[in-house]
Amino acid sequence: MVLAAGLFALAAAGAATGAQAQTMSYQQAGALLAKSCGPDITKYCANVNLGGGKLLGCLDANASKVASKCKADFVAVKASITKRVMAQQAIFKVCNADAARLCQGIVPGDGNLISCLVEATKVVSKACNQTITDAGWR
Amino acid sequence: MTSLMLRGGLVAALAMSLAAIAVPAAAQTDLSNAQIVQGLQNLTQDAPVVTAASLRQAALDHATMYSGPAAQRPPLAIQLDKLAQINVQIQFKLNSAIILPDSYATIGSIADALHNPVLQGYKFIITGNTDTTGTREINLKLSQERADAVMEALTTTFNVNPARLEAVGLGEEALQDTKNPESPVNRRVQIFNVGPLKR
């Protein structure tokens with residue numbers, strides 16, 4: 001998740017100041033990249049694939065020509081995905097006490113604990129609720 | 001959409017459909033997250049044990065053993081239709097494994113499903129499939145490269161745990177519509193649930 005250097009770093013500084021209420025879904029992230037960066041990808045990075053950081057590297061190498069909206073949205077997408085991944089990783093720690101309190105007898109696995117916690121939203125702690133939201137699991 | 005489906009055009013058509021076991025040609029334009037998750041979680045008792053290696057070998061064996069017209073070839077030795085699965089159509093550059101921006105959202109929607117808590121404890125095989133245009137050898141190679149590209153996007157850009165995914169190119173060896181082997185419905189990416197992730 002290392003951001004490429006160059007102009008994208010500047011855009012990152014700008015994006016970080018805005019508060020993010022909700023993380024975007026991966027589908028939304030993909031759609032936003034296609035919309036904001038599609039023309040530049042077709043023009044400058046037509047032989048570069050989405051994965052492995054190669055697309056970001058190519059757009060960065062062409063930063064002087066790439067639309068500013070593309071740069072800003074790419075950074076926003078990366079930030080949102082990072083936030084979502086961190087929430088998914090943190091969830092069992094953050095929600096441990098809630099699960100012990102509210103989901104006794106639930107067999108862990110297959111999403112059982114998460115659905116228990118989502119059903120119990122009204123009485124789940126604020127931190128746990130926020131983490132579930134950030135994880136995209138609502 | 002019809003114009004995009006023309007063979008020789010830059011891209012294949014974009015559509016997604018549940019791998020409707022009985023109705024191969026049914027293609028919807030979009031699938032909701034819930035539909036994808038549902039398609040991938042319906043594990044059956046008699047699902048065969050499938051590994052990427054065995055599937056790759058089955059495709060290769062099929063390509064070498066049956067040289068007749070596509071409509072007369074028997075199905076692949078491994079019965080994939082018993083696995084929980086979805087079918088998606090991803091737009092690639094012609095004769096290339098480059099995923100076109102138009103399909104980024106589709107890859108994202110697969111990532112959403114794979115990140116769903118219901119599916120997080122499971123492993124998946126991504127298969128690439130072509131129609132019968134071109135040689136079988138090239139189709140095996142191209143479909144492997146395309147499946148690899150989808151897997152790479154999922155495991156890097158969209159953060160799916162690489163231990164949960166494997167990619168297999170099936171070439172033209174597992175046609176969806178054997179009566180119309182050159183039909184674009186055969187050009188597709190499939191995702192199969194191959195059981196719990198070993199811890």
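In what follows, chains carry the letters A, B, and so on, assigned in the order in which the sequence lines appear, proteins first and then strands, with residues in each chain numbered from 1. None of the values given here were measured: they were computed from a predicted structure.
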Could you check whether any side-chain heavy atom of [X] comes within less than 4.5 Å of a side-chain heavy atom of [Y], counting everything from C-beta outward?
| X | Y | answer |
| --- | --- | --- |
| A:Val77 | B:Tyr104 | no |
| A:Asn47 | B:Lys93 | yes |
| A:Trp137 | B:Gln120 | yes |
| B:Ile99 | A:Asn49 | yes |

Under 4.5 Å between side-chain heavy atoms, counting indirect links through other Ile/Leu/Val/Met/Phe/Trp/Tyr residues: same cluster for [X] and [Y] or not?
| X | Y | answer |
| --- | --- | --- |
| B:Leu76 | B:Leu83 | yes |
| B:Leu165 | B:Tyr122 | yes |
| A:Ile81 | A:Ile132 | no |
| A:Val48 | B:Met151 | yes |
| B:Tyr66 | B:Ile78 | no |

Suppose we screen for ring-ring contact (aromatic ring centres under 6.0 Å, His included). Which residues come up paired with A:Phe92, at least two apart in sequence or across chains? none
List the atom pairs, with distances to 0.1 Å, where a side-chain N or O of residues 29-37 of chain A and a protein N or O form a donor-acceptor pair under 3.5 Å, not counting sequence neighbours.
residue : atom : partner : partner atom : Å
A:Ser36 : OG   : A:Leu32 : O            : 3.3
A:Ser36 : OG   : A:Asp73 : OD2          : 2.5

Of all the heavy-atom pairs spanning A:Gly52 and B:Thr156, show the shortest one and how long it is.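 In terms of heavy atoms, the two residues are closest at N-OG1, 2.7 Å.
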Compare every heavy atom of A:Ile41 with every heavy atom of B:Pro101, then report the nearest pair and how far apart it is. CG-CG2, 3.9 Å
Among the listed options A:Ala46, A:Gly53, A:Gly136, A:Ala135, the residue most often paired with chain B at heavy-atom distances under 4.5 Å: A:Ala46
Side chain / backbone / both / neither for B:Asn116 at chain A, heavy atoms under 4.5 Å: backbone
Quick one: sort the A:Tyr26 and B:Phe158 rings into parallel, tilted or perpendicular, breaks at 30° and 60°.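 Ring orientation, 0 to 90° scale: perpendicular.
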List the residues meeting side chain to side chain contact (heavy atoms under 4.5 Å, CB included) with B:Lys141, not counting sequence neighbours, and say none if there are none.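 Listed in chain order: B:Glu145.
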Within the side chain of B:Asp112, is there an N or O that forms a donor-acceptor pair under 3.5 Å with the backbone of A:Gln27?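 Side chain of B:Asp112 to backbone of A:Gln27, a donor-acceptor pair under 3.5 Å: yes, one is there.
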Step through the shown structure and confirm whether more than 12 heavy atoms of other residues, nucleotides or ligands are within 6.0 Å of NZ on A:Lys65. yes
Kindly compute the distance separating CD1 (B:Ile98) from CG (A:Leu50), expressed to the nearest 0.5 Å. 10.0 Å
Going from OG1 on B:Thr157 to CG on A:Leu56, what distance comes out if it is rounded to the nearest 0.5 angstrom?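 Going from the OG1 atom of B:Thr157 to the CG atom of A:Leu56 covers 9.0 Å.
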Taking 4.5 Å as the heavy-atom cut-off, does anything in residues 104-116 of chain A contact chain B, and if so which residues?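 Residues A:Asp110, A:Gly111, A:Ile114 are the ones that qualify, each having a heavy atom under 4.5 Å from chain B.
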Quick one, A:Arg84 with B:His115, criterion side-chain contact (heavy atoms from CB on, under 4.5 Å). Give me CA distance, side-chain angles, the key distance, then yes/no. CA-CA 10 Å; A:Arg84 181 167 276 219; B:His115 280 284; over 6 Å; no
